[in-house]
Amino acid sequence: MIGVLRGEQPLTLTDVAGRTGLSRASTEDVVRELMGKGWVAEAAPVAGGVGRPARRYRFRADAGRVMGVDIGGHKVLVRMSTLGDEGVALGAVRPAIDHVEEHVLDVRGCLAGAGRSAGSP
């Protein structure tokens with residue numbers, strides 16, 4: 001469902017159901033749950049049709065962040081991105097080889113080097 005909603009255009013429940021193969025009722029349940037978690041939002045209605053416009057839904061890439069940490073023998077790299085894969089921070093720490101243990105959990109230091117913090121949007 002998330003993969004379908006991650007597209008550029010907001011979709012109606014019927015569109016989402018057709019692309020996922022779920023029934024419209026099941027699609028509505030899942031969309032409602034994702035809205036409750038803040039991952040999906042209702043998009044503004046499209047004007048110009050006859051009658052009430054269908055509700056359309058979009059994925060909220062700004063609803064959270066994903067962080068990846070690459071811990072190597074000579075460096076610790078951190079990349080943080082939105083749920084839509086928009087990179088928002090990249091940092092690195094290059095500890096002395098005999099002090100790697102002290103820097104393994106220095107994610108905050110990597111983020112600070114990229115001008116971000118663990119609580120940054």
Side-chain angles (χ1 to χ4, degrees):
M1 175 94 44
I2 294 292
V4 169
L5 288 169
R6 280 183 69 183
E8 295 179 21
Q9 300 297 320
L11 300 172
T12 66
L13 286 175
T14 302
D15 292 335
V16 175
R19 293 180 186 193
T20 61
L22 296 172
S23 70
R24 190 178 185 291
S26 292
T27 301
E28 188 171 10
D29 289 343
V30 173
V31 166
R32 188 176 315 124
E33 182 178 340
L34 292 172
M35 285 181 69
K37 293 180 180 199
W39 291 14
V40 171
E42 189 171 338
V46 176
V50 176
R52 193 173 91 196
R55 290 182 175 170
R56 297 173 317 122
Y57 301 90
R58 64 174 182 80
F59 176 67
R60 288 192 55 226
D62 62 340
R65 301 284 184 261
V66 178
M67 181 181 292
V69 181
D70 177 9
I71 302 170
H74 300 282
K75 64 185 173 191
V76 178
L77 299 173
V78 176
R79 182 177 192 275
M80 185 169 52
S81 68
T82 67
L83 295 175
D85 198 31
E86 174 188 329
V88 293
L90 179 64
V93 172
R94 299 190 190 286
I97 194 145
D98 56 339
H99 298 291
V100 172
E101 311 82 35
E102 296 173 19
H103 296 280
V104 167
L105 296 177
D106 191 19
V107 172
R108 292 180 194 274
C110 291
L111 293 173
R116 297 289 182 166
S117 70
S120 294

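All of these numbers come straight from a predicted model, not from anything done at the bench.
Between E42 and Y57 there is a side-chain heavy-atom pair separated by less than 4.5 Å. Annotation: side chain of T14 is in contact with side chain of R24 (closest heavy-atom distance under 4.5 Å).
The distance from the OG1 atom of T12 to the CZ atom of R55 is 12.5 Å, given to the nearest 0.5 Å. Rounded to the nearest 0.5 angstrom, T20 OG1 and I2 CD1 are separated by 11.5 Å.
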Mind listing the side-chain donor-acceptor pairs of residues 27-34 below 3.5 Å, one per line with the distance, residues two or more places apart or on another chain?
unit_1, atom_1, unit_2, atom_2, d
T27, OG1, S23, O, 2.8
D29, OD1, R32, NH1, 3.4

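Here the closest heavy-atom approach between residue W39 and residue F59 is recorded as O-CD1, 3.4 Å. Residue G38 comes nearest to R60 through the heavy atom pair O-NH1, 2.7 Å, listed as atom of the first residue, atom of the second, then distance.
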